[in-house]
There are 2 protein chains.
Amino acid sequence: MSAPANSIEPEFSITDLAQELDITTRTIRFYEDRGLLRPARRGQQRVYSRADRTRLKLVLRGKRLGWPLNDIREMIELYETPDGERRQLELMLARIEQSRATLLQQRDDIELALREFDEIELRCREQLTPHHE
Amino acid sequence: MSAPANSIEPEFSITDLAQELDITTRTIRFYEDRGLLRPARRGQQRVYSRADRTRLKLVLRGKRLGWPLNDIREMIELYETPDGERRQLELMLARIEQSRATLLQQRDDIELALREFDEIELRCREQLTPHHE
DNA sequence: CTTGACGTTTACGTCAACGTCAACTTACTC
DNA sequence: GAGTAAGTTGACGTTGACGTAAACGTCAAG
């Protein structure tokens, strides 16, 4: 896919992304070192495309879910495998299923916790507004 | 060696819990060291009540959600504050709100990821069963 | 030309969350 | 009473995820 002539593809510096996403440049470079990002280079300097930015956001989402970087990398790789052999695709499906299982477990945990918090809050509020008969 | 014959309240040894919850005894002791557990003692040995077991399960749920132990400890403390002064209760409500916000964010992240996985899987399956016109 | 902001790599430090011994004690069995 | 199984504390090692500092390059502004 070639870029349309008059559409400007935005570029980002490492500090742009760091500020926007509220992380340090050190962190971004570290993610690159761990194979989570592969920004282009203009000379020495890293140049991030919109796709790179999206990737980074995916990493941060993984982090919020408590996933280790290796798992996050695998997860992200799922997003970018365009096509492959049958064997590859089946392996990919298996990984998706694995990740999905984790996500579903996490979702269940969250639902439970939320309900329990509702109850705790209720009891808490009952204490705050003493019930007079 | 754990269940009393005319059992009213069940007791658990550290290995009981370790085996049941699939963690090591080292881990359980570590959690105690970090203030997440406070089992009773019979002499030197730790004796875990059903409540301790529940607590430990809460810890593991927190772990599955990727929370650090400190946060988990605070979260668990919410479960066990019986009653307090108005000031205390209000502080507690604030903490609940804080935890709830985190949980809701995590839930959103999960829902998004799940949907994206659905899409990826779909494209993946399309590749597997080639569409001939 | 120098200063300062921003970037780079390399190396080492740090903190959390455990694992891995080692060196016991206690309890039970043979 | 010797062995063994399960428990204890204490110290040190390890891994993951960055922080911090050193030493240097680049470029625009004063």
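Order of the sequence lines sets the chain letters (A, B, ...), proteins ahead of strands, with each chain counted from 1.
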Could you check how far [atom1] of [X] sits from [atom2] of [N], rounded to whole Å?
X	N	atom1	atom2	value
Ile14(A)	dC6(C)	CD1	C1'	11 Å
Ile23(A)	dA17(D)	CD1	P	14 Å
Ile72(B)	dA16(C)	CD1	P	14 Å
Ile28(A)	dC6(C)	CD1	P	15 Å
Leu60(A)	dC18(D)	CG	P	9 Å
Phe12(B)	dG7(D)	CZ	C1'	18 Å
Leu37(B)	dT8(D)	CG	C1'	17 Å
Asn70(A)	dA17(D)	CG	P	7 Å

Exercise for the section: Starting from the 5' end of DNA chain D, give me the residue, Thr27(A) or Gln45(A), whose nearest nucleotide shows up first. Expected result: Thr27(A)
Exercise for the section: Assign each of Val47(B) and Phe30(A) to its nearest nucleotide of DNA chain D by heavy atoms, then name whichever residue's nucleotide is nearer the 5' end. Expected result: Val47(B)
Handout entry: Pair Thr24(B)-Thr27(B), side-chain donor/acceptor within less than 3.5 Å
Key =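 The criterion, which ignores hydrogens and geometry beyond distance, is satisfied for Thr27(B) and Thr24(B).
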Under 4.0 angstrom, heavy atoms only, what part of the nucleic acid is [X] near: base, sugar-phosphate, or nothing?
X	answer
Arg42(B)	nothing
Arg29(A)	base
Arg46(A)	sugar-phosphate

Practice task
Nearest 0.5 Å please: distance from the CG atom of Leu91(B) over to the CD1 atom of Ile96(B).
Solution key: 10.5 Å
Practice task
Indicate, with yes or no, if Leu104(B) and Leu114(B) share a hydrophobic cluster defined by side-chain heavy-atom contacts under 4.5 Å among Ile, Leu, Val, Met, Phe, Trp and Tyr.
Solution key: yes
Problem - N-O pairing of Glu9(A) and Arg50(A) below 4.0 Å - result: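 So Glu9(A) pairs with Arg50(A) through a salt bridge.
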Exercise for the section: Go through the steps to decide whether Asp109(B) and Gln105(B) satisfy the test side-chain hydrogen bond (donor to acceptor under 3.5 Å, both in side chains), and finish with yes or no. Expected result: CA-CA 6 Å; Asp109(B) 287 333; Gln105(B) 168 73 62; 3.1 Å; yes
Protein-nucleic acid N or O pairs under 3.5 Å, nucleotides 20-24 of chain C:
residue: dT20(C); atom: O4; partner: Arg26(B); partner atom: NE; Å: 2.9

Problem - Nearest-nucleotide pick for Thr15(A), side chain only, options being dC6(C), dA17(D), dA17(C) - result: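 Closest nucleotide among those given: dC6(C).
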